[in-house]
Amino acid sequence: MKRLTIILLFSALMLVVIVISMRSIGASQQGADLHNEQVLLKGTDIPSEAATFAREDFAYTYLEMPIDESKERSLDDYYENRAFHGAPPTIPHEVLDERNMGDKSCLKCHQNGGYVKKWDAYTPVAPHPEKINCRQCHVPQHTETVFQPTNWHKDKAPSVGNNNALEGSPPVIPHQLQLHENCLSCHAGPGAPKEIRVTHPERINCRQCHVFNNKEVTDIGDFSRPKTTDHEK
Ligand code: HEC
Ligand code: HEC
Ligand code: HEC
Ligand code: HEC
C-alpha cells in the first residue's frame, strides 16, 4: 500500500513537471512582438489604438483650434525629414541636453503639441508617447558632408487623395499600422501636415470606416535575411 502511494505521488509529480515545462516551452516560442504581428498580418485588433480613444477629449479641441496657415506643415516637409517612408524623423531642433534620452524633456512639448514661439512652428504630436526612450530612434542631424553619396533612393510614399473607391467614400488607410496606432496624432490639430488633416477628428473610431489596405505590408512581406550563398549567386 505504502509503495503504491509513493508511486502515485511520483507519477503526479512527473505530470506536474511535464505540464509546467510544456507551458513554458510554449510561451518561449511565441513571437516576441505579438502585438505587431496582430496589427500587420491579421489587421484585426490594435490594442494600442486605445491611445486614440484616450485622446478623445482632444478631438474637439483639435476641431476648434485656430490654425495659422503660414505655419502649417505640408506633406513635403513631413517626408523631407525622414530617410524613407515610415522611418523615424530626425530631430530638427536643438535639444537642451545631448545626453538626455527623452521622456519628459521631449513629451512636455510632444505629448499634446502646440505652438513654440522660439522655433515659430507647431509641435507635431508624438504618436507613441509610451516609448519614452525617444532618442533611441530619433536623432538630430549633425552633418551633411561626412557621408559619401550612394545609390540609395527613397521609395515613393503612398499617394493621398485618391485612396477612395468612389467620390465621397472613406479612403483606405494606405500606410501600415505599426507605429501608426494613434491616428489623431498625425491626422489632427495644427501640427498635422495640411494635406492629411482630417475634417472629422471627433469621429474617434477611425477604423469603423477606414479599412486597412495591406498592400504595402504584402509588398514588403516578412523580412528574412537572404543566405550569403543566395547573395553571391
Ligand atoms: C522605437 C523607435 C521610436 C521611439 C523610441 C520613439 N519614436 Fe517617434 N517615431 C518613430 C517612427 C518610426 C516614426 C515615424 C512614423 C511614420 O512617420 O511612419 C516616429 C514619428 C515621430 C514623430 C512624428 C509625428 C508626426 O506627425 O510627424 C514625433 C513627433 C515623434 N516620433 C516623437 C517621439 C517622442 C517625443 C518620443 C519619446 C517619447 C519618440 N518619438 C520615441 C520611432 C520611434
Ligand atoms: C520646446 C518644445 C519642444 C521640445 C522640448 C522638444 N521638441 Fe521636438 N519639436 C518641437 C517643434 C515645435 C517641432 C517642429 C519643428 C519644425 O517644424 O520646424 C519639433 C519637431 C520634432 C521632430 C520632427 C517631427 C517630424 O515629423 O519631422 C522630432 C523627431 C522631434 N521634434 C523630437 C524631439 C525629441 C526626441 C525631443 C526631446 C529630446 C524633443 N523633440 C523636444 C518642439 C519641441
Ligand atoms: C505617424 C503619423 C500617422 C499616423 C499615426 C497615422 N497616419 Fe494616416 N497618414 C499619414 C501620412 C503621412 C499619410 C499620407 C500617405 C503616407 O505617407 O502614407 C496618411 C494617409 C492616411 C489616409 C489616406 C488619406 C487620403 O486622403 O488618401 C487615411 C485614410 C489614413 N491615413 C488613416 C489613418 C488612420 C485610420 C490611422 C490610425 C489607425 C492613421 N492614419 C494613423 C500619417 C499617419
Ligand atoms: C463615420 C465614418 C468615418 C469615421 C469614423 C472616420 N472617417 Fe475619415 N473619412 C470618412 C469619409 C466618408 C471620408 C471622405 C470624405 C470626403 O471625401 O469628403 C473620410 C476622409 C478621411 C481622410 C481624407 C481627408 C479628409 O478629411 O477628407 C482622412 C485622412 C481620414 N478620413 C482620416 C480619419 C481619421 C484619422 C479618423 C478617426 C479620428 C476618421 N477618418 C474617422 C469617413 C469616416
Side-chain angles (χ1 to χ4, degrees), residues 33 36 49 51-53 55-56 58-60 62-63 71-141 157-211 216:
D33 209 347
N36 285 342
E49 208 170 22
T52 306
F53 290 93
R55 300 186 66 78
E56 206 169 346
F58 284 89
Y60 282 100
Y62 286 142
L63 196 61
K71 302 187 170 45
E72 280 181 320
R73 276 200 299 171
S74 69
L75 264 185
D76 283 343
D77 304 331
Y78 179 97
Y79 294 134
E80 177 68 28
N81 200 19
R82 288 153 168 78
F84 52 88
H85 184 241
T90 57
I91 308 174
H93 51 68
E94 76 253 28
V95 287
L96 264 188
D97 174 7
E98 267 302 324
R99 293 167 69 187
N100 195 308
M101 279 307 282
D103 200 4
K104 290 205 182 71
S105 68
C106 312
L107 288 178
K108 66 184 171 194
C109 294
H110 284 284
Q111 179 115 35
N112 296 326
Y115 177 67
V116 176
K117 203 166 169 207
K118 187 165 55 166
W119 300 321
D120 195 21
Y122 290 113
T123 316
V125 176
H128 36 251
E130 73 289 354
K131 296 197 193 315
I132 55 175
N133 282 341
C134 315
R135 301 194 54 193
Q136 173 195 349
C137 305
H138 297 283
V139 291
Q141 188 174 342
S159 57
V160 163
N162 56 355
N163 292 306
N164 35 2
L166 302 166
E167 205 177 316
S169 62
V172 291
I173 307 173
H175 49 68
Q176 56 186 43
L177 297 179
Q178 184 182 22
L179 283 169
H180 283 73
E181 299 90 344
N182 186 351
C183 316
L184 286 180
S185 66
C186 300
H187 284 285
K194 58 179 181 228
E195 296 90 338
I196 57 165
R197 191 184 302 125
V198 283
T199 49
H200 45 273
E202 76 291 357
R203 292 185 199 160
I204 293 298
N205 194 2
C206 315
R207 292 198 309 136
Q208 174 195 349
C209 304
H210 295 282
V211 294
E216 188 181 348

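When a ligand or atom number is given, it counts from 1 through the structure's own listing order. The figures that follow rest on heavy atoms only: side chains count, while hydrogens, waters and symmetry mates do not.
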For atom 11 (C) of ligand 1, what's the nearest protein heavy-atom neighbour? Residue, atom name and distance, please. Pro88 CA, 3.6 Å
Could you find the nearest protein heavy atom to atom 16 (C) of ligand 4 and give me its residue, atom name and distance? Gly168 CA, 4.2 Å
The atoms of ligand 1 lying under 4.0 Å from a heavy atom of Leu179, numbered in the order shown, are 11 (C), 12 (C)
At under 4.0 Å between heavy atoms, what of Ala59 touches ligand 4? The answer is neither
Just heavy atoms, cut-off under 4.0 Å: does Leu107 contact ligand 1 by side chain, backbone, both, or neither? side chain
Between the candidates His187, Arg207, His200, which shows the shortest non-hydrogen contact distance to atom 19 (C) of ligand 4? His200
Ligand 1 atoms nearer than 4.0 angstrom to some heavy atom of Ala126 are 32 (C), 33 (C), 34 (C), 35 (C)
Steps toward side chain to side chain donor-acceptor pair (under 3.5 Å) verdict (Ser169, Asn164): CA-CA 6 Å; Ser169 62; Asn164 35 2; 4.8 Å; no
May I ask you to establish whether Arg82 and Phe84 are in a cation-pi arrangement, using a distance under 6.0 Å from NZ or CZ to the six-membered ring centre and at most 45° from the ring axis? no
Atom indices of ligand 1, in the order listed, that fall short of 4.0 Å to a heavy atom of Val125: 24 (C)
Hey, does Gly191 sit under 4.0 Å from ligand 1 if you only count heavy atoms? no
Does Cys134 reach the side chain of Cys106, with side-chain heavy atoms less than 4.5 Å apart? yes
One finds that the ligand 1 atoms under 4.0 Å from a non-hydrogen atom of His180 are 16 (C), 18 (O)
Among non-hydrogen protein atoms, atom 14 (C) of ligand 1 lies closest to Ala87 O, 3.5 Å
Any N/O/S atom of His93 sitting less than 2.8 Å from atom 8 (Fe) of ligand 2, backbone or side chain? yes
Evaluating non-hydrogen atoms only, which member of Asp77, Asn81, Ile91 is closest to atom 27 (O) of ligand 2? Asn81
Would one find more than 12 heavy atoms of other residues, nucleotides or ligands at under 6.0 Å from atom NZ of Lys131? no
Closest protein heavy atom (residue, atom, distance) for atom 34 (C) of ligand 4: Cys206 SG, 3.5 Å
Would you mind checking which non-hydrogen protein atom is closest to atom 42 (C) of ligand 4, with the distance to 0.1 Å? Arg203 NH1, 3.2 Å
Are any non-hydrogen side-chain atoms of Pro201 and His187 less than 4.5 angstrom apart? no
Protein contact to atom 28 (C) of ligand 4 [nearest heavy atom, distance to 0.1 Å]: Val198 CG1, 3.4 Å
As an exercise, identify every atom of ligand 4 less than 4.0 angstrom from a heavy atom of Leu184. 38 (C)
For atom 13 (C) of ligand 2, which candidate among Cys186, Pro124, Gly114, Ala121 provides the closest heavy atom? Pro124
Flag side-chain contact, heavy atom, 4.5 Å: Lys118 against His93: no
Just need the protein heavy atom nearest to atom 22 (C) of ligand 2, so name the residue and atom and give the distance. Pro92 CD, 3.3 Å
Return yes when atom CD of Glu80 has more than 12 non-hydrogen atoms of other residues, nucleotides or ligands closer than 6.0 Å, and no otherwise. no
Distance-only N or O hit between ligand 2 and Trp119, under 3.5 Å: no
Measuring from atom CZ of Arg73 to atom OH of Tyr78, what distance do you get when rounded to the nearest 0.5 angstrom? 7.0 Å
Non-hydrogen side-chain atoms of Ile173 and Arg207 separated by less than 4.5 Å: yes
Test of proximity, Thr199 against ligand 4: N or O pairs below 3.5 Å: yes
Considering only heavy atoms of Lys108, which atoms of ligand 2 have at least one such atom less than 4.0 Å away? 5 (C)
Counting each atom of ligand 1 from 1 as listed, which ones have a heavy atom of Asn133 under 4.0 Å away? 5 (C)
Which of the listed options, Lys71, Arg82, His110, holds the heavy atom that is closest to atom 32 (C) of ligand 2? His110
Note, Pro92 side chain near Asn81 side chain (heavy atom, < 4.5 Å): yes
Measuring from non-hydrogen atoms of Tyr122 to any atom of ligand 2, is the shortest distance under 4.0 Å? yes
Taking non-hydrogen atoms only, is Thr90 closer than 4.0 angstrom to ligand 2 via side chain, backbone, both or neither? backbone
Using a heavy-atom cut-off of under 4.0 Å, does the side chain or the backbone of Arg73 touch ligand 1, or both, or neither? side chain
Cys134 near atom 8 (Fe) of ligand 1 via N/O/S, less than 2.8 Å: no
Within a strict 4.5 Å, meaning less than it, do heavy atoms of the Tyr62 and Val125 side chains meet? yes
At a 4.0 Å threshold, what atoms of ligand 4 neighbour a non-hydrogen atom of Cys183? 35 (C)
Protein heavy atom at shortest distance from atom 5 (C) of ligand 2: Ser105 O, 3.2 Å
Sub-3.5 Å N/O-N/O distance, Asn205 and ligand 4: no
Tell me the contacting part of His175 for ligand 1: side chain, backbone, both, or neither, using a 4.0 Å heavy-atom threshold, strictly below. neither
Quick one: nearest non-hydrogen protein atom to atom 17 (O) of ligand 1, plus distance? Tyr78 OH, 2.9 Å
Numbering the atoms of ligand 4 from 1, which are under 4.0 Å from a heavy atom of Pro201? 38 (C)
Min heavy-atom dist Thr123 to ligand 1 below 4.0 Å: no
Are any of the heavy atoms in Pro89 under 4.0 Å away from ligand 1? yes
Quick one: nearest non-hydrogen protein atom to atom 1 (C) of ligand 2, plus distance? Cys109 SG, 2.8 Å
Show which atoms of ligand 2 fall inside a sub-4.0 Å distance from at least one heavy-atom site of Val95. 38 (C)
From CD (Gln136) to CE (Met101), nearest 0.5 Å: 6.0 Å
Polar-atom distance check: His210 versus ligand 4, any N or O pair below 3.5 Å? yes
Answer side chain, backbone, both or neither: which part of Cys106 comes under 4.0 Å from ligand 1, heavy atoms only. side chain
Give the numbers and elements of all ligand 4 atoms closer than 4.0 Å to a heavy atom of Cys209. 1 (C), 2 (C), 3 (C), 4 (C), 5 (C), 42 (C), 43 (C)
Closest heavy-atom pair, His138 versus Ile91, reported as atoms and distance to 0.1 Å, is O-CD1, 3.6 Å
min-distance protein heavy atom vs atom 21 (C) of ligand 1 -> His138 CE1, 3.5 Å
Ligand 1 versus Pro127: contacting region, heavy-atom distance under 4.0 Å: side chain
Could you check whether atom 24 (C) of ligand 4 has a protein contact, counting only heavy atoms that fall below 4.0 angstrom? no
For the residue pair Lys71 and Tyr115, establish whether any side-chain heavy-atom pair is separated by less than 4.5 Å. yes
Heavy-atom side-chain contact between Leu184 and Ile204 under 4.5 Å: yes
Cys137 near atom 8 (Fe) of ligand 1 via N/O/S, less than 2.8 Å: no
